Amino acid sequence: MASTPDFQAGSSIKAFSSIASTLDFQTGLKILEDITTNVAQVQHQVLDEILKRNANTEYLCRFLNGHSDKELFKQKVPVVEYEDISPSTDRIANGEPSNILLDEPISEFLLSSGTSGGKRKLMPSTAKYMDMKFVSTQLVNLVMIKHAEGLTQGKWMNFYFMKPDFETPSGLTATTFMSSLIKIIQQKYPQNKIYTSPDDIIRCLDSNQSMYCQLLCGLIQRDNVVTTGAAFASTFLVVINFLEDHWKELCSNIRTGHLSDWITDPGCRDSVKLIMSEPNLELANLIEQVCSAKSWEGIVKKLWPRTKYIGAIVTGSMAQYIPTLNFYSGGLPLVSLVYGSSECFFGINLNPLCQPSDISYTILPNMAYFEFIPVDTSNGAVCTGKENIVDLANVKVGQFYEIVSTTNTGIYRYRVGDIVKVTGFYNNAPQVQVVGRQSVALSVDIDKTTEKNLSKAVMQAQLHLEQLGFLLIDFTSYANTSSIPGHYVLYWELMMKESTSDVGELNSEMIEQCCSIIEESLDATYKIVRKENSAGPLEIRVGNRGTFDALMEFFIAGGSSLSQYKTPRCIKSEEAIKLLDSRVVGRYFSPKTPHLLPDEI
Ligand code: AMP
């Protein structure tokens with residue numbers, strides 16, 4: 001393995017943690033070169049440090065008896081999922097000391113959107129690790145500045161939203177990764193003038209007020225905006241959708257210089273005053289003219305003509321939004337820079353202006369100790385035998401893997417649940433394409449509904465139907481993202497208990513009630529995105545008799561084996577969707593947003 005002669009893993013890792021407040025271009029890029037060149041050494045050092053520091057924690061002691069040997073760690077410490085670690089995180093959340101899991105104090109919990117038994121996952125975090133994640137995002141900015149000229153000569157219109165924190169019984173804060181990161185950015189760079197929106201607008205917890213004011217500030221400063229985006233593609237499209245609903249009001253505010261009265265958040269009002277100091281008739285007319293066009297194709301480029309790219313994650317489950325983003329963007333590059341999660345930061349896209357289909361993330365070997373379980377793609381099964389796990393330095397190009405991470409935040413050999421494909425190397429650091437989540441069937445935003453959860457929810461509605469004399473013959477689904485926000489569509493075929501003939505005209509209230517039951521039975525993340533209007537009302541399309549026979553014939557004609565045929569619970573084929581749609585006799589939508597139960601955070 002190539003190695004820079006003067007490299008010392010420790011010094012670069014240390015430097016990585018300490019450049020947070022004084023990040024300069026050359027240092028940042030030099031560190032990136034170092035850690036990606038010396039992958040094996042960095043990984044060795046990262047694991048060594050984690051084990052030495054945490055050997056005496058209750059969790060590791062259980063398997064290692066106080067030892068910190070790497071080989072022993074691999075033999076004895078099990079590869080786990082959230083269910084295996086949640087008893088420990090729950091104990092800490094309920095007041096027991098952090099050293100059940102780690103030597104350092106836990107500073108806060110991060111709420112992962114992945115769910116477990118209807119609850120969002122609580123991932124421990126420490127001040128030091130948040131600093132490292134912050135530095136990673138700074139490096140990302142450096143990479144971008146290197147690739148897009150003039151980025152520092154204008155304003156960044158990034159749509160960020162914070163969610164309310166809550167306190168665990170032990171007094172620790174539980175917050176989302178994004179909220180936590182925004183707090184750090186605002187702490188390190190208070191009132192940073194690079195962003196179009198002042199800090200208080202981003203801090204506003206009412207997402208409607210915040211979105212409105214972020215758009216207003218962005219429109220007023222349109223001539224200066226050099227980049228725009230949001231964390232995920234779906235979020236950016238929700239903002240565009242909101243703009244469609246509110247552009248007249250926004251123009252009226254710009255024309256009169258008076259902010260709408262429904263914006264009551266004092267931080268938002270004061271901040272807008274700083275940006276909108278006087279009426280601007282000319283700007284209001286111009287925006288009105290652009291927005292009144294019959295088609296909104298290319299609207300982003302028309303409203304913000306200096307924008308160089310849209311920054312948003314468009315890989316994995318977000319890839320479905322690329323066509324819609326392309327429609328609105330007017331040919332701007334879609335830049336997907338980071339790959340990370342609440343539990344761990346994985347990597348950076350070092351070739352940010354590439355086509356979305358070519359996006360790979362270079363794994364940063366200093367962020368955690370990474371292992372990879374090979375995934376056999378021929379039947380989608382994951383080989384979980386520990387003997388198959390390989391180190392980061394030993395992955396093979398072209399192979400699919402599930403990532404397992406060991407962090408310095410008390411997570412040991414944790415299956416993140418993402419499947420990635422290794423596409424190459426940057427220096428010696430593997431680059432991966434995010435293929436998707438293990439077993440996720442439907443997703444329109446940060447929600448991740450598994451087949452199992454979907455089936456469980458449909459069963460609840462089935463019980464209701466049966467009481468009314470109907471049987472559900474079969475069902476399937478797809479995530480409809482052609483509308484904004486996207487929504488879940490379920491195809492149903494029904495039969496009356498008394499008769500095998502077509503069900504005829506259905507009572508719409510009955511099926512709408514089923515939509516509601518399903519939504520109520522889905523997990524907390526789904527309900528949260530529904531509540532925030534990042535997912536639209538769930539829809540049931542009822543097909544005529546024989547719909548699912550026709551679907552089966554379709555798949556069999558395409559090569560499926562009849563003896564192995566199972567109705568897919570989630571459909572991706574456009575042709576299959578067309579076929580199903582051609583048989584639809586009624587469409588029904590959920591009439592209300594689902595309730596979050598008290599124990600669903
Ligand atoms: P969370 O646990 O809520 O922090 O969400 C983390 C998950 O979001 C990851 O495990 C991935 O499934 C997904 N994710 C994050 N970044 C990306 C990316 N760049 N491309 C695709 N999926 C991503």
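Given the structure is predicted, the values throughout are model-derived calculations rather than measurements. Each ligand, and each atom within it, is numbered from 1 in the order the structure gives.
A donor-acceptor contact under 3.5 angstrom links the side chains of Ser360 and Thr423, judged on distance only.
In this structure, Arg413 satisfies the cation-pi test against Phe73, with its NZ or CZ atom closer than 6.0 Å to the six-membered ring centre and inside 45 degrees of the ring normal.
The option from Thr525, Asp418, Ile419 that lies nearest to atom 11 (C) of ligand 1, judged by heavy atoms, is Asp418.
Residue contact check for ligand 1: Tyr361 places a non-hydrogen atom closer than 4.0 Å to it. Judged by the shortest distance from any of its heavy atoms, Ile446 lies outside the 4.0 Å radius around the atoms of ligand 1.
Contact check for Val489 versus His487: side-chain heavy atoms found under the 4.5 Å cut-off.
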Practice item. Carefully, step by step, assess Asp523 and Lys527 under the rule salt bridge (charged side-chain N to carboxylate O under 4.0 Å, His left out). Key: CA-CA 7 Å; Asp523 66 22; Lys527 292 182 194 175; over 6 Å; no

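Shown in contact with Val338 at under 4.0 Å from a heavy atom are these atoms of ligand 1, numbered in order with element: 18 (C), 19 (N). Of all atoms in ligand 1, listed by their number and element, those nearer than 4.0 Å to a heavy atom of Ser112 are 1 (P), 2 (O), 3 (O). The distance from ligand 1 to the heavy atoms of Thr315 drops below 4.0 Å at these ligand atoms: 18 (C), 19 (N), 20 (N), 21 (C). Of all the atoms in ligand 1, the ones that sit under 4.0 Å from a non-hydrogen atom of Gly340 are 6 (C), 9 (C), 15 (C), 16 (N). Per-residue contacts place Ser342 under 4.0 angstrom from the following atoms of ligand 1 (heavy atoms of the residue considered): 1 (P), 2 (O), 3 (O), 4 (O).
Neither the backbone nor the side chain of Leu110 comes within contact range of ligand 1; no heavy atom lies under 4.0 Å. Only the side chain of Val434 comes within contact range of ligand 1, with a heavy atom under 4.0 Å; no backbone atom does.
For the side-chain contact (heavy atoms from CB on, under 4.5 Å) criterion with Ile484, the lone passing option out of Asn241, Ile240, Asn533, Val239 is Asn241.
Remark: Arg91 engages Glu58 in a salt bridge, criterion side-chain N to carboxylate O under 4.0 Å.
Looking at Thr525, its side chain never comes within 3.5 Å of a backbone N or O of Asp447 through a donor-acceptor pair.
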